[in-house]
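Note on naming: letters A, B, ... go to the chains in the order of the sequence lines (proteins, then strands), and numbering restarts at 1 for each one.
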Number of protein chains: 2
Amino acid sequence: MTLSQVAKEAGVAASTASLVLAGRADELRISATAQERVRDAARRLGYRPNALSTGLRTGTTRTLGFVSDSVASSQLAGEMIRGAIESARARGYMVFVGETAGDAHLERDLLDAMFDRQVDGVVLATMMTHARAIPVEATRMPTVLLNIEPTDDADYVRVLPDEVAAGADAARLLVDSGHRRIHLIGVGDDPATAHPFGLAAAQRLRGALTVFAETGQQIVSARPTVQWLPPEGFRLVSEVLDSGAEVDALLCLNDRLAMGAYQALQERGVRVPDDVSVLSFDDTSFARWLRPGLTTFAFPQRALGRAAADELIDLIERGAATVGSSAPTAAHLVPLPLRLRASVADRT
Amino acid sequence: MTLSQVAKEAGVAASTASLVLAGRADELRISATAQERVRDAARRLGYRPNALSTGLRTGTTRTLGFVSDSVASSQLAGEMIRGAIESARARGYMVFVGETAGDAHLERDLLDAMFDRQVDGVVLATMMTHARAIPVEATRMPTVLLNIEPTDDADYVRVLPDEVAAGADAARLLVDSGHRRIHLIGVGDDPATAHPFGLAAAQRLRGALTVFAETGQQIVSARPTVQWLPPEGFRLVSEVLDSGAEVDALLCLNDRLAMGAYQALQERGVRVPDDVSVLSFDDTSFARWLRPGLTTFAFPQRALGRAAADELIDLIERGAATVGSSAPTAAHLVPLPLRLRASVADRT
DNA sequence: CTGTTAGCGCCTTCAA
DNA sequence: TTGAAGGCGCTAACAG
């Protein structure tokens with residue numbers, strides 16, 4: 001089904017049909033009958049414009065690329081992608097998705113393949129290394145950085161989770177509910193030397209420390225680890241309990257550590273939240289199924305994806321004219337919403 | 001950078017450059033020097049062919065569509081998509097991803113949008129309703145069904161998890177390791193009335209029953225539920241324990257039920273696997289972090305995605321000529337591999 | 001061995 | 001108000 005077939009069926013020229021179908025008929029005063037005939041023919045023949053052709057002609061494809069460095073294990077990636085797809089779809093865009101597993105070569109290939117297909121722009125996302133250089137391939141087209149802090153100084157539109165605020169919120173929640181003896185699980189007490197991967201550890205810690213300072217609290221202990229996994233949470237919390245220190249609350253840097261914490265607590269007969277409160281980050285799938293339900297700040301995967309796609313489409317539709325012209329754009333920060341469940345007691 | 005610019009730079013005609021760059025130069029005996037000059041110019045100018053143009057001309061885009069009905073909560077979807085993308089990429093294809101959340105209208109729109117962009121084919125996947133009708137939109141292009149049994153009788157290429165075999169494997173594992181008093185958690189004892197959503201329950205049950213029959217075993221109890229979630233697992237296993245029945249092993253229909261089972265067991269001080277073995281399906285992210293690690297048959301998400309993309313590309317490259325011609329294709333069954341951890345004891 | 005020509009499907013002046 | 005013509009970038013016959 002091509003436009004000229006529709007035109008023929010309607011008894012008009014292809015250009016006329018084009019105008020009608022593009023909604024510019026009134027503007028150019030095409031006769032009502034002609035319009036009717038065209039629309040009718042199009043419907044009857046099930047006409048759908050060939051996007052390749054339109055793209056070739058107009059230089060725009062209503063197509064986005066989404067490239068992330070995620071690997072099999074990361075549950076986070078999936079939701080981000082889906083958020084992006086959802087937003088894009090709502091605005092009439094389709095998205096190509098690619099994954100690099102951290103392979104720079106693959107990333108280049110992917111970006112090339114998308115560029116070849118004339119995507120209108122790409123979002124570059126990361127699940128692993130949060131601070132990194134941006135490949136030159138990306139600079140050929142409008143680009144939005146998702147969950148990445150660029151190491152170079154070019155002015156990219158960035159979308160990031162507001163980890164600092166989440167850290168602060170967590171600390172405030174604990175302090176406000178009367179917890180005094182707080183232990184940090186998964187990070188030391190110095191933001192500068194926090195977790196080598198990702199900015200999450202350092203930023204969550206920074207936010208928390210600010211609030212602790214403001215309220216005159218002291219952290220009892222802060223235990224770093226490189227792997228944020230249940231066995232590590234188990235180990236660290238066992239250490240805390242063995243140390244004989246008093247503990248009102250455990251602030252775990254993510255849910256997997258918290259899962260390990262639950263196991264260690266349970267094994268020693270320490271009750272959550274009656275004896276010890278547990279607060280965490282991410283809202284991983286199992287958080288609500290732990291007993292008692294884990295109170296946690298949800299990593300806003302889907303919202304991040306949505307925001308990235310929206311920023312990108314804004315950028316595209318605003319026109320590439322503006323690129324690099326204006327003042328450095330502030331990062332778009334997405335909050336981590338609290339999922340209030342049953343693991344934090346009120347001790348006031 | 002267009003082909004004609006490269007050709008001009010190399011001092012040849014565009015068609016010559018085209019042939020050289022398409023690798024058909026030797027075949028058509030283009031002089032070595034001309035080839036050299038073309039390749040050189042292309043490299044120097046950073047030439048990349050416009051895929052839109054090529055697609056328009058050749059009628060093929062090396063682009064796939066992937067449409068699934070998954071919703072936010074399903075972790076399964078993400079991995080399937082990624083498997084598909086991975087396979088596609090390896091064969092030079094890019095993929096458009098879309099999600100419908102079960103909305104038939106959205107599905108139509110998505111399929112249309114992909115069709116408009118001239119995808120070479122689509123995979124239609126489902127996470128929810130495993131038996132369903134296929135929308136007519138799909139029939140305009142090569143289609144592979146992933147995790148779907150079509151209710152109409154058209155002859156589609158299908159990729160499915162081998163749930164029956166997994167059920168049989170699970171039963172055999174239990175029987176072979178000396179378990180006699182086995183309870184089923186999450187499904188009744190009649191495949192015909194099993195779980196309304198999905199084929200998994202009925203098929204896993206069918207496989208298991210076959211083996212139990214072969215080995216002369218009797219199931220002690222089989223408890224159905226509509227929601228395969230931890231609280232239900234907790235409830236059902238509590239019932240089992242309260243009933244006073246003897247129990248060697250719990251065969252849970254998925255990991256979330258098993259998680260609830262662990263909680264119920266733990267609360268009553270029943271040890272896994274010393275007192276009771278637990279076996280399950282899916283290998284959800286937390287399965288390996290439960291204590292003891294949960295032995296389970298992994299739902300092969302990624303492999304399913306890979307298989308679907310591969311089947312689709314085979315279908316496309318074999319040529320649409322064959323469509324509907326041959327005998328009904330057998331479904332491509334993907335096994336559920338066993339993840340042997342510590343929750344099943346050897347009681348022989 | 002290489003260049004000319006035509007056309008994939010669409011949009012957009014420009015003339016009529 | 002409508003139609004004819006040209007071109008987006010590429011490939012494939014067909015001449016030379």
Side-chain angles (χ1 to χ4, degrees), chain A residues 1-39 41-42 45-63 112-120 140, chain B residues 1-39 41-42 45-63 112-120 140:
Chain A
M1 270 313 93
T2 74
L3 183 60
S4 63
Q5 292 182 54
V6 172
K8 184 180 295 176
E9 176 83 9
V12 301
S15 54
T16 307
S18 171
L19 290 177
V20 173
L21 266 14
R24 297 183 50 196
D26 285 334
E27 175 190 338
L28 293 179
R29 302 194 221 170
I30 306 274
S31 70
T33 56
Q35 290 193 37
E36 193 50 46
R37 287 210 310 278
V38 170
R39 269 187 251 280
L45 301 180
Y47 170 71
R48 308 227 97 227
N50 181 326
L52 257 36
S53 188
T54 307
L56 187 57
R57 184 62 236 258
T58 66
T60 181
T61 54
R62 294 191 85 77
T63 292
D112 278 345
M114 289 176 178
F115 181 76
D116 292 349
R117 286 170 176 76
Q118 312 294 117
V119 297
D120 293 334
R140 292 174 302 195
Chain B
M1 269 317 93
T2 73
L3 183 60
S4 63
Q5 293 182 53
V6 172
K8 183 180 297 176
E9 175 82 11
V12 301
S15 55
T16 306
S18 172
L19 289 178
V20 173
L21 265 16
R24 299 182 49 196
D26 285 334
E27 175 190 338
L28 292 179
R29 302 194 221 170
I30 306 277
S31 68
T33 56
Q35 291 192 36
E36 194 49 47
R37 287 209 311 278
V38 169
R39 269 187 251 280
L45 301 180
Y47 170 73
R48 307 227 96 228
N50 181 327
L52 257 36
S53 188
T54 308
L56 186 57
R57 185 62 237 248
T58 64
T60 181
T61 54
R62 293 191 88 76
T63 292
D112 279 345
M114 289 174 177
F115 181 76
D116 293 349
R117 287 171 176 74
Q118 311 295 117
V119 296
D120 293 334
R140 292 175 302 196

**Student:** Given that B/Ala34 and A/Ala14 both sit by DNA chain C, which one's nearest nucleotide is further toward the 5' end?
**Tutor:**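 It is B/Ala34 whose nearest nucleotide is closer to the 5' end.
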**Student:** Looking at side-chain heavy atoms only, is the closest gap between B/Gln118 and B/Thr63 below 4.5 Å?
**Tutor:** no
**Student:** Tell me the side-chain hydrogen bond (donor to acceptor under 3.5 Å, both in side chains) pairs involving residues 46-55 of chain A, sequence neighbours left out?
**Tutor:**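 Those involving residues 46-55 of chain A are A/Arg48-B/Asp116.
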**Student:** Taking protein heavy atoms under 4.0 Å as touching, what does nucleotides 5-10 of chain C look like 5' to 3' if B marks base contact, S marks sugar-phosphate-only contact and - marks none?
**Tutor:** -BBBBB
**Student:** So does A/Thr60 get a backbone contact from the side chain of A/Asp120, meaning a donor-acceptor N/O pair under 3.5 Å?
**Tutor:**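 Checked: no pair found.
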**Student:** Give the table of side-chain donor-acceptor pairs shorter than 3.5 Å for residues 11-19 of chain A, with sequence neighbours excluded, one pair per line with atom names and distance.
**Tutor:**
none

**Student:** Compute whether any side-chain donor of one residue and acceptor of the other, for A/Ser4 and A/Thr2, lie under 3.5 angstrom apart.
**Tutor:**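 Per modelled atom types, A/Ser4 and A/Thr2 side chains form a pair under 3.5 Å.
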**Student:** Any side-chain heavy atom of B/Asp112 within less than 4.5 Å of one from B/Arg140?
**Tutor:** yes
**Student:** Taking side-chain contact (heavy atoms from CB on, under 4.5 Å) as the definition, give me every residue that meets it alongside A/Ala113, ordered by chain and number, with sequence neighbours left out.
**Tutor:**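 If we apply the side-chain contact (heavy atoms from CB on, under 4.5 Å) test to A/Ala113, skipping adjacent residues, the hits are A/Arg117, B/Arg89, B/Met94.
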**Student:** What is the first contacted nucleotide of DNA chain D and what is the last, in 5' to 3' order, if contact means an atom lying under 4.0 angstrom from a heavy atom of chain A?
**Tutor:**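 The protein-touched segment is D/dT1 to D/dG9.
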**Student:** By side-chain contact (heavy atoms from CB on, under 4.5 Å), which residues pair with A/Gln35, not counting sequence neighbours?
**Tutor:** A/Val20, A/Ala25, A/Asp26, A/Ile30, A/Arg39
